[in-house]
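Scroll down for the structure; my scribbles are underneath it.
Quantities reported herein were computed from a predicted structural model and do not represent experimental measurements. Order of listing sets the numbers, starting from 1, for every ligand and every atom in it.
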Amino acid sequence: MILAGWFAGANTGVLYIRAEYPHSITVINDAIRDLKDAGWLGKDIFSSGFDFDLKTIKGAGAYICGEETALLASIEGQRPEVRVRPPFPTIEGLFRKPTILNNVETFANLHSILTLGGEAFANIGTEKSTGPKLVSIDSHFKRPGVYEVAMGTPLTQVVDELGGGFKTPVKAIQVGGPLGGLVPIEKIKELTVDFESFSEAGFLLGHAGIISIPETFPMIEYIEHLFQFTADESCGKCFPCRLGSTRGQELIHKAREDDQFKIDPELIQDLLETLEQTSLCALGGGVPLPIKNALQYFADELSPYFKS
Ligand code: SF4
């Protein structure tokens, strides 16, 4: 981030971290103090004439604050509502100033790019997805944690070698967060950890966090959870997401509770397409993907809840 500030002529870097991750905040604040003590932050850094400081801001629990314009609104002290783009943050960002906004993982790559050289860095990974990728795997794995792999690494290597396989039988993994694709277990062997492999197969790599869905967990309940999550976290700006997520949750819930009620497949497809095509941001626009994956790959398990 210091390098990015130097390139862009910015004097302040903000690390926005969710308050639910207090350990991360402590670690980052310690690192900032170490940088200050070593002379890498402050005024006239190493007599370069360049001033730069870092500060941390605690997010107050809204998932949508991962969306860049909502994150900016949150830092400004406003309601974290998604803004229409353009203008993009690089033109008009924090307090209407040009702002470089990236995931910390992206900024962290700058160090390797500059020390290894761009060409050597680009040689890591695949032709289009260059560099390394952090993959975080959940507690259903024998060795949960965060691993760094080269893009293009077979997904089986992550699951079986790094993760040590699953503790209990798992039927699918959701990769890339609640808006990421739902990968049935038999598809894992066909995928590599890079953006192209996932999108060609109809999934999404996203941030590459992996959540496991145990064999015993009903897929209909998982779909309801996805709609409920979107309804809870929707910023409310556009109604395909604000209303559609709630209507979807109600529909699934009714089918779970009432044996006589069956979901019209056309109605749910219509709802998913409306969400996908007309939502303003990736929350409403992204939730249809894992639900469509579930409807496709778990059709037999879900059939009792749908009209035939
Ligand atoms: S899709 Fe949802 S979260 Fe995104 S702008 Fe619309 S209401 Fe807000």
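The contact set between ligand 1 and Ser234, taken as ligand atoms under 4.0 Å from a residue heavy atom, comprises 2 (Fe), 7 (S). Applying the 4.0 Å criterion to heavy atoms of Gly284 picks out, from ligand 1, the atoms 1 (S). Taking every non-hydrogen atom of Ser279 and a distance limit under 4.0 Å, the qualifying atoms of ligand 1 come out as 1 (S). Every atom of ligand 1 with a heavy atom of Leu283 under 4.0 Å away is listed here by number and element: 3 (S).
A side-chain donor from one of Asp232 and Gln228 sits under 3.5 Å from a side-chain acceptor of the other.
With hydrogens and angles ignored, the 3.5 Å screen pairs a side-chain donor or acceptor of Ser48 with a backbone N or O of Ile45.
When distances to atom 2 (Fe) of ligand 1 are checked against a cut-off of 2.8 Å, Cys281 contributes no N, O or S atom below that limit.
Annotation: atom 2 (Fe) of ligand 1 to nearest protein heavy atom, Cys241 SG, 2.3 Å. Nearest protein heavy-atom neighbour of atom 6 (Fe) of ligand 1: Cys238 SG, 2.2 Å. Of all protein heavy atoms, the one closest to atom 8 (Fe) of ligand 1 is Cys235 SG, 2.4 Å.
The pair Glu68-Arg83 fails the salt-bridge criterion, with no side-chain N (NZ, NE, NH1 or NH2) lying under 4.0 Å from an Asp/Glu carboxylate O. Note on Lys187 versus Glu190: salt bridge recorded, some NZ/NE/NH1/NH2 to OD/OE distance being below 4.0 Å. In this structure, Asp53 pairs ionically with Lys36, as a charged nitrogen and a carboxylate oxygen lie closer than 4.0 Å.
Across all their heavy atoms, Val149 and Val135 have their closest contact at CG2-CG2, 3.9 Å.
Contacts between Ile64 and ligand 1 below 4.0 angstrom, taking non-hydrogen atoms only, involve the side chain exclusively.
With rounding to the nearest 0.5 angstrom, the CD atom of Glu127 is 14.0 Å from the CE atom of Met151.
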